[in-house]
Protein chains: 2
Amino acid sequence: MSGKGTTIQEVARVAGVSTATVSRTLSNPDLVRDGTKKAVLAAVEKTGYRINRAAQNLRKQQAGAILVLLPDLGNPFFSQILSGIESVLTTSDLSVLITDASGIKQSQLVGYFQDTRADGIIILDGAIPHGVLKELIEVVPDNRAVFACEWKPDTKLPSIRSDNQGGAHQAVAHLVELGHRKIGHVLGPRGNVLTKERLTGFERAMLEFDIDINSNWLIDGGEFSLEAGAQAARQFIELDELPTAIFCAADLIAMGLISEFAKHGISVPNDVSVIGFDDIAIAYRFIPSLTTIRQNRIQLGVLAATTLMNSLSGRSMPAENNVQLVDVLLVERESTAPLS
Amino acid sequence: MSGKGTTIQEVARVAGVSTATVSRTLSNPDLVRDGTKKAVLAAVEKTGYRINRAAQNLRKQQAGAILVLLPDLGNPFFSQILSGIESVLTTSDLSVLITDASGIKQSQLVGYFQDTRADGIIILDGAIPHGVLKELIEVVPDNRAVFACEWKPDTKLPSIRSDNQGGAHQAVAHLVELGHRKIGHVLGPRGNVLTKERLTGFERAMLEFDIDINSNWLIDGGEFSLEAGAQAARQFIELDELPTAIFCAADLIAMGLISEFAKHGISVPNDVSVIGFDDIAIAYRFIPSLTTIRQNRIQLGVLAATTLMNSLSGRSMPAENNVQLVDVLLVERESTAPLS
DNA sequence: GCAAAATCTGTAATCGATTACATAATCATT
DNA sequence: AATGATTATGTAATCGATTACAGATTTTGC
């Protein structure tokens, strides 16, 4: 009944068997005879037994938890990915530890593994410093880390990501279809892989559509944030000529840009069309509602968690350079319009 | 050097002392002589020893983690609170487990304590069902749970919350100051404590300013979400007369409302002023930028974590019905304007 | 310099589950 | 019914840290 502090010994006593049998019944039922099994389960029920994770973890030399490393807990982009991760991991007995890379010291990160607080890690932050990652990989076996969303090009950890190039390409294609040929691009953080991929997709599309890239219209946002977009808007305004359409590397950038444009009397989409990337929740309700490239964030989370779980349980060894690409989707809304 | 799997035994051997001394040096240095201490620390350094948490937790009968229960991981409102919580707990050796109430079954929640995966819990979800909470309180000692942001009126757990009534009052006062007297209110989820408090603040202010409340303008949003706001807008539009100002129980509601108004040609703040509650990041960049009541989310998180930590470590017993009220702040932006 | 008090350190039990190995029970075969 | 093969269960060591208790060492007071 009480359940308070019942141990496996207690259950064994009640069921009239040894602790070994109780343990087997619970974790490897095939090994025990039906009658015994029933007796044990009855005893478990009666005593309200719950396993002691600390003891189990100590014995099995595991942590029972996986760590999720976010670049920024404050960015709404990540919450749905977390949902996806959670939904997978809670079906197993793994807990989810979440930590914010911004505040963390590198030794802390490695520490999670060294003192067995985490069995694996999902890295959502491609900006993780080289040194930290190197140290991490020394301590953490290959099969215990995966990248999701972002990644580091020169590592061989598995990576789950959206089709960023394809998305950027779709964005440009959409703008071209609307008649635009004066197209700008606000990039994300310098050096970020997503920035690079989306830029590559942008360039490929421009080449394909035979449009010259005007380097004045290629603006370095510096980060995936509202303020980065606002800052980019100010830079655009200083120019002699504005593009007629702008592809932003993130929804937050796009919204910051549109907002700052609005403050200067530049109207989207009348004066300029803007397309974002991500499709965060607010995009649909922004004014104007934001045309964007939707990332399937739930699926990114689910795949990352599944990949890690499988590889932890040894069910499938991750291939080196194993990349899972998740499709993106153009969502047409009101921030883009035909060239008038 | 390696650090891989060095145990306290190894350190003891290297330092030429017993494991007891190593343990004491690390967790209770006052008990050991300076010379010995130095030798032990040198050995720790040399071997790269990291404590094994599972072993420590087992022996100390603790989990080394606290659980944060969110109503909805997808809501950006919570991320900063998490930052606050994290910042406090990582300074101690506690890990942060995060879980989403929406998907969780009640037994799972209690399970975190029964199998010693969590030492304490921060509940950010006042909508937690009565049954679950009751069960939780039976299992979890009083000093191991705190409410943050939301709470249940009929429990005596400590609670850290914003001054919701005061905030609502400020919101109305702001509107009245701008000359408005036809004031509406979009409520949050039915039965939610925040909804009630903010409604009470609204009513108190209206009474104080001697304005009758028009029940047509009191609209039940149903949840704290963009769609709730949009739905409320549609209800307003059906009415014979619109209020000149609307206080929304959350920023998301306000933005949904404004967005839907815009789709119907109703302009904010020209046709109607709108004020929100929370001051989430996007509020400043929404078009129009949103006048709102700012909650100090970081501080809410910090206080919640600090309160729980103190009470876990026995440093301060939480008083029953211990409520810490955090001040809110009116942030004037462009979604409210003088009555024309 | 010596006894008593105070401080430091070591021995070994303990936390609760898992599992290698040994033993017991059951089954299959002739 | 006897044998060997198979399956089920029990015994006890183990994971790595903490801590009660005892024993050793140092300090204090005179």
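Sequence lines set the chain letters: A, B, ... in the order given, protein chains first and strands last, and positions in each chain run from 1.
In this structure, B/Q56 reaches the D/dT18 phosphate: one of its side-chain N or O atoms is under 4.0 Å from OP1 or OP2. OP1 or OP2 of C/dG16 has not a single side-chain nitrogen or oxygen of A/Y49 nearer than 4.0 Å.
Ionic pairing of B/D115 and B/R117 is present here: one or more N-O contacts between side-chain nitrogen and carboxylate oxygen are shorter than 4.0 angstrom. Ionic pairing of B/D93 and B/R53 is present here: one or more N-O contacts between side-chain nitrogen and carboxylate oxygen are shorter than 4.0 angstrom.
Between the C1' atom of C/dT9 and the CG atom of B/N28 lies a distance of 14 Å, rounded to the nearest Å. Separating the CD atom of B/Q61 from the P atom of C/dG16 is a distance of 5 Å, rounded to the nearest angstrom. Distance CG (A/L58) to P (C/dC15): 14 Å, rounded to an integer number of Å. Here C/dC15 presents its P atom at 17 Å from CD1 of A/I51, a figure rounded to the nearest Å. Rounded to whole Å, the distance from CG on A/N52 to P on C/dT14 is 17 Å. Between A/D34 atom CG and D/dA8 atom C1' there is a gap of 12 Å when expressed in whole angstrom units. Taking atom CD of B/E10 as the reference point, atom P of D/dA17 lies 11 Å away to the nearest angstrom. Atom P of nucleotide C/dA17 and atom CZ of B/R59 are separated by 16 Å, given to the nearest angstrom.
Heavy-atom distances to DNA chain C give each of B/K60 and B/S18 a nearest nucleotide, and the one nearer the 5′ end belongs to B/S18. Both B/K37 and A/S27 sit near DNA chain C, but only B/K37 has its closest nucleotide nearer the 5' end.
Residue B/V17 is in sugar-phosphate contact alone, with no base atom involved, counting any heavy-atom pair closer than 4.0 Å across all strands shown. Heavy atoms of A/T7 sit under 4.0 angstrom from primed sugar atoms or phosphate atoms, though from no base atom. Among the heavy atoms of the strands lying under 4.0 Å from A/T21 are primed sugar atoms or P, OP1, OP2 only; no base atom is included.
Nearest heavy-atom pair, A/L157 versus A/F147, reported as atom, atom and distance to 0.1 Å: CD1-CE1, 3.7 Å.
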Using a 4.0 Å heavy-atom cut-off, write out nucleotides 21-27 of chain D from 5' to 3' as B (base contacted by protein), S (sugar-phosphate only) or - (no contact). -----S-
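In this structure, a donor-acceptor pair under 3.5 Å is absent between the side chains of A/T19 and A/Q9. Between the side chains of A/Q324 and A/T307, a donor-acceptor pair is found at a separation under 3.5 Å.
B/N57 contributes a side-chain N or O that, together with a main-chain N or O of B/A63, makes up a donor-acceptor pair within less than 3.5 Å.
If you check C/dG10, D/dG16, C/dT9 against the side chain of B/V32, the one that comes closest is C/dT9.
Legend: salt bridge (charged side-chain N to carboxylate O under 4.0 Å, His left out) pairs involving residues 76-90 of chain B, not counting sequence neighbours: none detected.
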